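Working notes, structure below.
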Amino acid sequence: MKSLFGGVIAESLVFPYPEQSRFETDQVHAVLDALRKFSAKGVDSARIDKEEAIGPETMSALKELGAFGWLVPKEHGGGGLGPSPYARVMQELTAIDGSLALTIAAHESLAVTAILQFASDELKAHWLPRLATGESVAAFALAEVGAGSDAGAIQTRADLEGDDYVITGEKAWVTNGAFADVFVVFARTSPKDEGAKPRLTAFVVPRGQGFSTGPNESTMGVRGTNTTSVTFDRVKVPRSHVLGEVGRGFKVAMEVLTQARLSLASGCVGSSKRLLKMCIDRVGERKAFGRCIAEFGLVRDKIARMTASVFALESMTYLTTGLATAGQSDFTIESAICKVFGSETLWKVANEAAQIAGSLGYTRSYPYERLLRDARVPMVFEGTNEILRCFIALSGMQSPGRELEEVSRAMREPIKGFGLLSDFAIRKARSALGRERMSKAHQVLSRETVIFEEYTSHLAKSVDKVLRRHGKNIAEMQYTQKRVANVAIDLYAIASVIARTTRAIERRGEEGARREIDLTSVFVAAAKKRLAEEIAAFDENDDELRKAIAQKTCADGGYPLDVL
């Protein structure tokens, strides 16, 4: 995606669409079989939701399944799953129950991942075997009441006193907070007077003296998870418990969240597939005007749109886990895109499922209502979708922005910058003469490929335009950032479905891949309409009017008008 912002299609990262090895496939099937047997024995999600807790017998069963150690390497007693297999089993677990999945994700996707990637060998040897079996449970303590998406506002401090760090502060919304045995904690290790941007450090902190937790938060959805505040009152932690480097905790958090967003996206795939299956069952049994509602066009339209969106979500999620499996060092934008697209797809599917269910969708006797509530949280977890859209846009625009700065400097010193100016001129000439091509897509998908190529060119030109127009002020232009991000999200989705469907055609032929071809066609046609609207809005919009309306409404303290 960073290449795409500059108008370059790095299709070697997309083609061939990644496939799991035979070993990974067998590994995943074994875990899926165990999960399905676990589910068949009876996971009472309604009871979990009502009691706002996961029963001890269910937690024990998850531990026996090895769920707490899926990501832990085998040498430390875990399952040793790679990124794609782990995403697939989290997809299955989320389809069974969102609270179970979130409990495991907080433990593995966040805390265990941080220890795996950044802890010393000694810390790994001590904690990973216990975490793999569930003997010890982990939690991730990053957010605070005044520091959600803004990690720079963290107030929890870690002061070095002798050979120990002393942590003081309070963390909010810590999943597994009340019963976790070990926490990954982020705290300031720079002086308060150093400036607005503190240096953060990540620590492995065992529960002990100085710990206290608040009551379990009563939440809208995924009510079985345990979510509490955690207070640290001069908690001592040895220097050896630092994760990564002192003062580089922000890097730790971002790398962990990049990977965790993929398991969240795969969970959205699982929940969406479950809801779509419920829709199909419902439209076959619900009758109106003497016919099953499955025969009505508006219902079929809902099902077609949901199916195409889930196909796109699944395609982009496993394309990205494939990048991670292949050892790509940077998939931050792709991961953020999956999280945004996944959470918003799930919300739409849950809403449509409740609509298709009719009155049943509004009663607690059926799962639609609970699943709709559960679907709300992914849009807030692991970075709100608003902050992630800003992240997608600004991260993607860094390279084109840097290039413009370098070109500007080179123009002031033309002899020193001759090579840079030549490269820049060649790229500009190439973009003027014709667009970048996607050469590896199957010819059956030529229409979709042309759309992707055209809007890749539009993205690069729009980015160039807004960077020239706003310069460094682009950091404050959130309406523009949203448009850039939305274009990037749809382009990544299109690239993903083209790559996946190309593989399907090559494996099974055109007729054998008819389902993939049709879903790609429907999704790309809808995406094209969105892309055209976003590109046009770079030049023609009512951004300033909207800002003025919002400012006046805030000044009024609410809606200012009345018909009386």
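Atoms considered below: every heavy atom in the structure, side chains included; atoms not considered: hydrogens, waters and symmetry mates. All figures in this text were calculated on a predicted structure; none of them were measured in a lab.
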Would you please say whether a donor-acceptor pair under 3.5 Å links the side chains of Tyr17 and Ser315? no
Side-chain contact, heavy-atom cut-off 4.5 Å: Pro83 with Leu262? no
Looking at Phe341, does the NZ or CZ of Arg261 lie under 6.0 angstrom from its six-membered ring centre and within 45 degrees of the ring axis? no
Under a 3.5 Å cutoff, is there a donor and acceptor pairing between the side chains of Ser84 and Glu24? no
Please determine if Arg503 and Glu516 form a salt bridge, counting it only when a charged side-chain N lies under 4.0 Å from a carboxylate O. no
Could you tell me whether Arg514 and Glu511 make a salt bridge, using a distance below 4.0 angstrom between a side-chain N and a carboxylate O? yes
Would you say Tyr368 and Gln355 make side-chain contact, with heavy atoms under 4.5 Å? no
Using a strict threshold of under 4.0 Å (side-chain N to carboxylate O), is an ion pair present between Asp33 and Lys37? no
Pick out which of Ile498, Leu319, Leu323 makes a side chain to side chain contact (heavy atoms under 4.5 Å, CB included) with Val14. Leu319
Is any side-chain N of the basic residue among Asp490 and Arg530 closer than 4.0 Å to the acidic one's carboxylate O? yes
With the side chain counted from C-beta on, respond yes when Ser266 and Tyr318 share a heavy-atom pair under 4.5 Å apart, and no when they do not. yes
Side-chain donor-acceptor pair present, Thr213, Thr228, cut-off under 3.5 Å: no
Check: Lys171 side chain, Leu142 main-chain N or O, donor-acceptor pair, under 3.5 Å: yes
Ring-ring centroid check Phe140 Phe183, cutoff 6.0 Å: no
Are a donor atom and an acceptor atom from the side chains of Tyr86 and Gln259 found within less than 3.5 Å of each other? no
What's the spacing between Thr58 OG1 and Asp44 CG if we round to 0.5 Å? 8.5 Å
When rounded to the nearest 0.5 angstrom, what is the spacing between NZ in Lys273 and CZ in Phe311? 10.5 Å
I want to check something: taking the side chain as every heavy atom from C-beta on, are Phe186 and Thr156 in contact at a cut-off of under 4.5 Å? no
I'd like to check Arg373 versus Arg223 (side-chain heavy atoms, cut-off strictly below 4.5 Å). Are they in contact? yes
Without hydrogens or angle criteria, can the side chains of Asp374 and Ser271 be said to hold a donor-acceptor pair below 3.5 Å? no
Counting C-beta onward and ignoring hydrogens, is there a side-chain heavy-atom pair between Thr103 and Leu62 closer than 4.5 Å? no
Would you call Glu344-Lys348 a salt bridge at under 4.0 Å N-O? no
Out of Val184, Ile167, Val252, Val235, which residue meets the side chain to side chain contact (heavy atoms under 4.5 Å, CB included) rule with Phe203? Ile167
